[in-house]
Amino acid sequence: MATTLQTALPELTTDDLSRYSRHLILPEVGMEGQQKLKAARVLLIGAGGLGSPLAFYLAAAGVGTLGLVDFDVVDASNLQRQIIHSTRDVGRKKLDSAAEKLIALNPALNVVKHEIMLSSANALDILADYDIVADGTDNFPTRYLVNDACVLLGKPNVYGSIFRFEGQASVFATRQGPCYRCLYPEPPPPGLVPSCAEGGVLGILPGLVGVIQATEAIKLILGNGEPLIGRLLLVDALAMRFRELKLRKNPECPVCGAHPTVTRLIDYQQFCGIKPETAQEKALKNGIPQMTVKELKQRIDAGDDLFILDVREPFEHQIGNIGGKLIPQNDVPRRLGEIDREREIVVHCKSGGRSQRIAEYLHQSGYANVSNLVGGIVAWAEQIDPGVPKY
Amino acid sequence: MNILIPTPLRPYAGGQQTLQVEAATVGEALSALTGAHPELRTHLFTPEGRLRAFVNLYLNEDDIRYLPDKENTHVTAADSLSIIPSIAGGLAV
Ligand SMILES: [Zn+2]
């Protein structure tokens with residue numbers, strides 16, 4: 001736990017003096033500023049798009065302790081923007097991949113790995129150990145959770161967010177300034193605002209915005225310059241235009257206002273309108289029974305008569321298959337004759353999306369007994385047969 | 001005046017980044033905007049006509065919530081109105 005006593009700033013070693021020489025000759029940093037950086041503890045929520053440049057630059061700048069919160073693994077589709085991870089890291093924990101790069105960059109850095117999904121139950125404990133929080137999250141429940149926890153603990157929250165070609169950055173939850181809820185009291189209902197997974201994001205955009213966040217974190221540590229408190233910086237990468245809007249502390253803010261109604265952390269999934277899936281919804285999606293790979297294995301082992309339909313493309317079938325009949329999704333409508341109406345049909349693809357649509361199509365076309373394989377061949381490779389290559 | 005449409009809402013505004021409307025006040029500009037693009041109305045306002053909690057409107061650099069005359073604030077052709085919705089990068093919510 002952080003001690004409340006103001007301890008003396010740590011001494012700089014001779015290695016530090018040479019490593020940070022370009023900082024030391026800046027009057028705005030100098031010896032004392034570099035010592036402040038060395039003493040600083042910054043928590044990064046997410047080791048992804050925004051977290052990559054944030055972590056790299058803070059580590060390079062000499063921030064003494066960096067906490068990383070992440071529980072994800074590196075996926076090939078991350079590499080377009082999450083520059084802390086490399087091709088050979090695909091499949092590894094993001095925390096391990098990131099920590100390795102950061103220590104390679106700065107061996108004196110203390111990296112604290114929090115392999116956990118930040119929640120109302122653990123957020124206050126985790127955040128309490130840090131001076132500054134940098135929010136690089138990609139979802140609204142965590143965004144509001146981080147905001148409220150920062151307000152309750154009185155920690156500055158260096159905020160960044162991105163969508164397609166546009167970004168936002170600000171510094172929230174300092175005592176004098178506004179918080180995220182002053183700006184947006186409530187999140188959009190699920191589905192109304194498209195997410196990046198649907199909308200896409202330009203790979204360099206988290207670089208631009210994450211570097212702005214890193215700059216703000218360093219300024220807060222140094223206590224120098226004009227932080228983005230009370231200002232929302234808007235970045236439009238297509239027009240390459242930076243605009244700034246004034247933010248005000250909302251006296252009626254439910255968390256930082258004069259009469260707060262949020263005085264402890266709440267259920268943020270529920271707040272964001274996300275209901276947990278019931279067992280029945282899980283088992284049936286749009287009227288299609290959802291079969292797990294374990295169930296499929298049991299059914300095959302039991303010798304049940306199943307027609308396994310693989311709706312992927314031929315090149316995917318070549319990489320690996322589980323012996324299903326290959327009819328690529330777009331060919332299904334004109335090749336219905338090859339799919340036996342009398343048998344029980346299990347449709348699969350790579351991860352369950354295409355097969356769900358085809359299962360729905362077959363169901364509408366009068367097939368009585370069609371189910372979808374949840375997680376597709378990827379789940380099969382992970383849970384049943386590691387000999388099937390993942391791609 | 002100019003109305004700046006953010007990326008997530010462009011599909012509901014004919015794909016345009018900027019729209020020009022003739023208006024004397026902020027309120028008139030919004031009426032002209034949602035009149036021309038009715039789909040935007042549900043994204044910006046509740047059925048009761050209140051601005052949604054995850055959308056902010058700025059006249060130049062100022063949040064209209066904090067302007068003394070709010071929606072009745074006078075505007076000129078040189079002003080711009082920005083729609084600033086909350087955004088979440090990365091994964092699906
Ligand atoms: Zn607030």
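Below, chain A is the first sequence line, B the second, and so on; all start at residue 1. Since the structure is predicted, the reported quantities are computational estimates derived from the model, not experimental observations. Any value given below was found using the heavy atoms of this structure, including those in side chains, with hydrogens, waters and symmetry copies removed.
Heavy atoms closer than 4.5 Å to chain A are found in the side chain of B:Y58, but not in its backbone. Interface remark: B:P11 contributes no atoms to any contact with chain A (heavy atom separation under 4.5 Å). Contact of A:P187 with chain B is made through the backbone alone, with heavy-atom distances under 4.5 Å. Proximity to chain B is limited to the side chain of A:L232, based on heavy atoms less than 4.5 angstrom apart. At a 4.5 Å heavy-atom cutoff, the contact between A:L234 and chain B is made by side-chain atoms alone. Heavy atoms of B:L4 lying under 4.5 Å from chain A belong exclusively to its side chain.
Residues A:S97 and A:H85 bring a donor and an acceptor atom of their side chains to less than 3.5 Å of each other. Side-chain atoms of A:Q168 and A:Y159 form a donor-acceptor pair, as typed in the model, at a separation below 3.5 Å. A donor-acceptor pair shorter than 3.5 Å can be found between the side chains of A:R143 and A:S161. Between the side chains of B:N60 and B:D79, at least one donor N or O lies within less than 3.5 Å of an accepting N or O.
When A:P185, A:G48, A:G46, A:P206 are compared by the number of non-hydrogen pairs under 4.5 Å with chain B, A:P185 comes out ahead. With respect to chain A, the highest number of heavy-atom pairs below 4.5 Å among B:I84, B:D62, B:D63 belongs to B:I84.
Relative orientation of the A:F172 and A:Y180 rings is perpendicular, given thresholds of 30° and 60° on the angle between their planes. A:F271 and A:Y268 have perpendicular rings, their planes meeting at more than 60° on a 0 to 90° scale where under 30° would count as parallel.
A pairwise comparison of heavy atoms in A:N78 and A:K94 identifies OD1-CE, 3.4 Å as the closest pair.
Close approach to chain B, defined as a heavy atom under 4.5 Å from one of its heavy atoms, is seen in A:R243, A:E244, A:L245, A:K246, A:L247, A:R248, A:K249, A:N250 of residues 237-256 of chain A, taken by number.
At a threshold of 4.5 Å between non-hydrogen side-chain atoms, the residues B:V21 and B:M1 count as touching. Taking the side chain as every heavy atom from C-beta outward, B:I87 and A:I162 never approach each other to under 4.5 Å.
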task: Decide yes or no on side chain to side chain contact (heavy atoms under 4.5 Å, CB included) for B:H43 and B:V55, but give the supporting numbers first.
output: CA-CA 9 Å; B:H43 284 86; B:V55 178; over 6 Å; no
